Amino acid sequence: MANPIRQKEIDERIGKFADKFWGAFQMTENGRVKSTILLYSFCLCWVLLVLYGGCFALFTPWLDGLLAGTGFPVWLVSLTEALVPAAAGTAAASLVWLLPGDKRLLPAAYVWLALLLLASLIALILMFLSDGEGIGLVLQFFGMFTLAPLALGLSSSFLAYNLYWKKRPPAGKAARPWKRQ
């Protein structure tokens with residue numbers, strides 16, 4: 001039997017964490033969002049989802065027609081049909097780096113995208129739990145259409161952010177360029 005006092009403590013901790021998390025999306029007294037990076041990256045995550053969907057819708061039929069009668073192994077055709085649209089979508093998403101503002105936005109959007117895709121994968125697996133063949137199709141779909149964009153996007157955005165972080169000027173020198181040393 002569970003300890004009701006212990007359960008109450010756990011419920012309070014979860015409630016405090018949830019309030020803290022959702023509080024980041026709420027407005028302050030002057031009408032501004034408390035955490036703009038969370039809000040903007042969440043919105044950019046949906047833009048990335050549409051961008052990658054468009055790349056897959058554009059490139060997959062063309063690649064399928066191009067590679068259909070070539071005699072290449074099926075795994076190579078599938079890998080090509082997964083990587084080419086993912087690379088095109090990642091290249092298009094990397095244009096966000098040209099925008100002024102917070103450079104953490106793109107890596108944070110990819111983290112949101114990873115969390116959304118993980119939640120979708122869990123929900124689909126639970127829906128097809130009784131059907132073994134259905135889970136195989138779900139995993140094949142996620143392997144082909146989500147792993148490549150996610151791996152390329154996460155790695156490229158974190159690499160670009162890491163390079164940006166290393167090359168940024170020190171805070172003291174950039175703040176007062178007119179001051180002699």
Side-chain angles (χ1 to χ4, degrees), residues 21-22 24-25 33 35-129 131-169 174:
F21 177 76
W22 290 113
F25 292 100
V33 179
S35 177
T36 57
I37 188 77
L38 276 177
L39 183 62
Y40 292 163
S41 63
F42 183 72
C43 293
L44 182 61
C45 148
W46 290 101
V47 171
L48 291 178
L49 194 63
V50 169
L51 175 73
Y52 280 114
C55 284
F56 273 97
L58 180 69
F59 285 111
T60 302
W62 176 72
L63 285 170
D64 194 39
L66 185 68
L67 300 173
T70 58
F72 288 121
V74 175
W75 67 269
L76 185 60
V77 172
S78 296
L79 185 66
T80 304
E81 289 178 357
L83 288 178
V84 170
T90 302
S94 296
L95 294 175
V96 172
W97 281 100
L98 300 176
L99 298 174
D102 198 349
K103 299 299 181 188
R104 298 175 297 169
L105 188 63
L106 191 60
Y110 275 110
V111 169
W112 273 114
L113 191 60
L115 291 173
L116 286 174
L117 292 175
L118 181 65
S120 299
L121 178 64
I122 291 170
L124 283 171
I125 286 176
L126 290 176
M127 283 173 41
F128 290 108
L129 197 55
D131 184 18
E133 189 175 309
I135 289 180
L137 289 173
V138 166
L139 292 177
Q140 183 181 4
F141 172 80
F142 264 79
M144 186 169 177
F145 294 112
T146 62
L147 287 183
L150 205 55
L152 286 174
L154 276 170
S155 61
S156 68
S157 67
F158 278 109
L159 178 67
Y161 182 71
N162 189 22
L163 292 174
Y164 166 77
W165 185 256
K166 285 181 180 180
K167 290 183 180 182
R168 69 174 167 63

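As the structure is a computational prediction, the values presented were derived from the model and not from experiment. Heavy-atom basis, side chains included; hydrogens, waters and symmetry copies ignored.
For residues 131-151, the pairs satisfying ring-ring contact (aromatic ring centres under 6.0 Å, His included) are F56-F145, F141-F145, with sequence neighbours left out.
Here the shortest heavy-atom pairing between L113 and L49 reads CD1-CD1, 3.8 Å. Summarising the geometry of L48 relative to A109, their closest heavy-atom pair is CD1-CB, 3.9 Å, with the distance given to 0.1 Å. Shown here for A108 and I37, the closest heavy-atom pair between the two residues is CB-CG1, 4.5 Å. Closest heavy-atom contact between A82 and A148: O-CB, 3.7 Å. Closest of all the heavy-atom pairs between A88 and C55 is C-SG, 4.1 Å.
Tested against I135 for a side chain to side chain contact (heavy atoms under 4.5 Å, CB included), the candidates L129, L124, L126 yield a single pass: L129.
The side-chain hydrogen bond (donor to acceptor under 3.5 Å, both in side chains) search around T146 returns none, not counting sequence neighbours. Evaluation of the side-chain hydrogen bond (donor to acceptor under 3.5 Å, both in side chains) rule for Y110 yields Y52 as partners, not counting sequence neighbours.
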Just list the side-chain donor-acceptor pairs under 3.5 Å for residues 92-102, sequence neighbours left out, or say none.
from, atom 1, to, atom 2, distance (Å)
S94, OG, T90, O, 2.8
D102, OD1, R104, N, 3.2
D102, OD1, R104, NE, 3.1
D102, OD2, R104, NE, 3.0
D102, OD2, R104, NH2, 2.7

Identify every side-chain donor-acceptor pair in residues 64-79 under 3.5 Å, counting partners at least two apart or on other chains, and give the distances.
from, atom 1, to, atom 2, distance (Å)
T70, OG1, L67, O, 3.0
S78, OG, V74, O, 3.1

Which pairs would a plain distance check flag for residues 152-161, meaning a side-chain donor or acceptor within less than 3.5 Å of a matching protein atom at least two apart in sequence or in another chain?
from, atom 1, to, atom 2, distance (Å)
S155, OG, A151, O, 2.7
S155, OG, L152, O, 3.2
S156, OG, L152, O, 2.9
S156, OG, G153, O, 3.3
S157, OG, G153, O, 2.9
S157, OG, L154, O, 3.2

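With rounding to the nearest 0.5 angstrom, the CH2 atom of W62 is 9.0 Å from the CG atom of L58.
The closest side-chain heavy-atom distance from L121 to L139 is below 4.5 Å.
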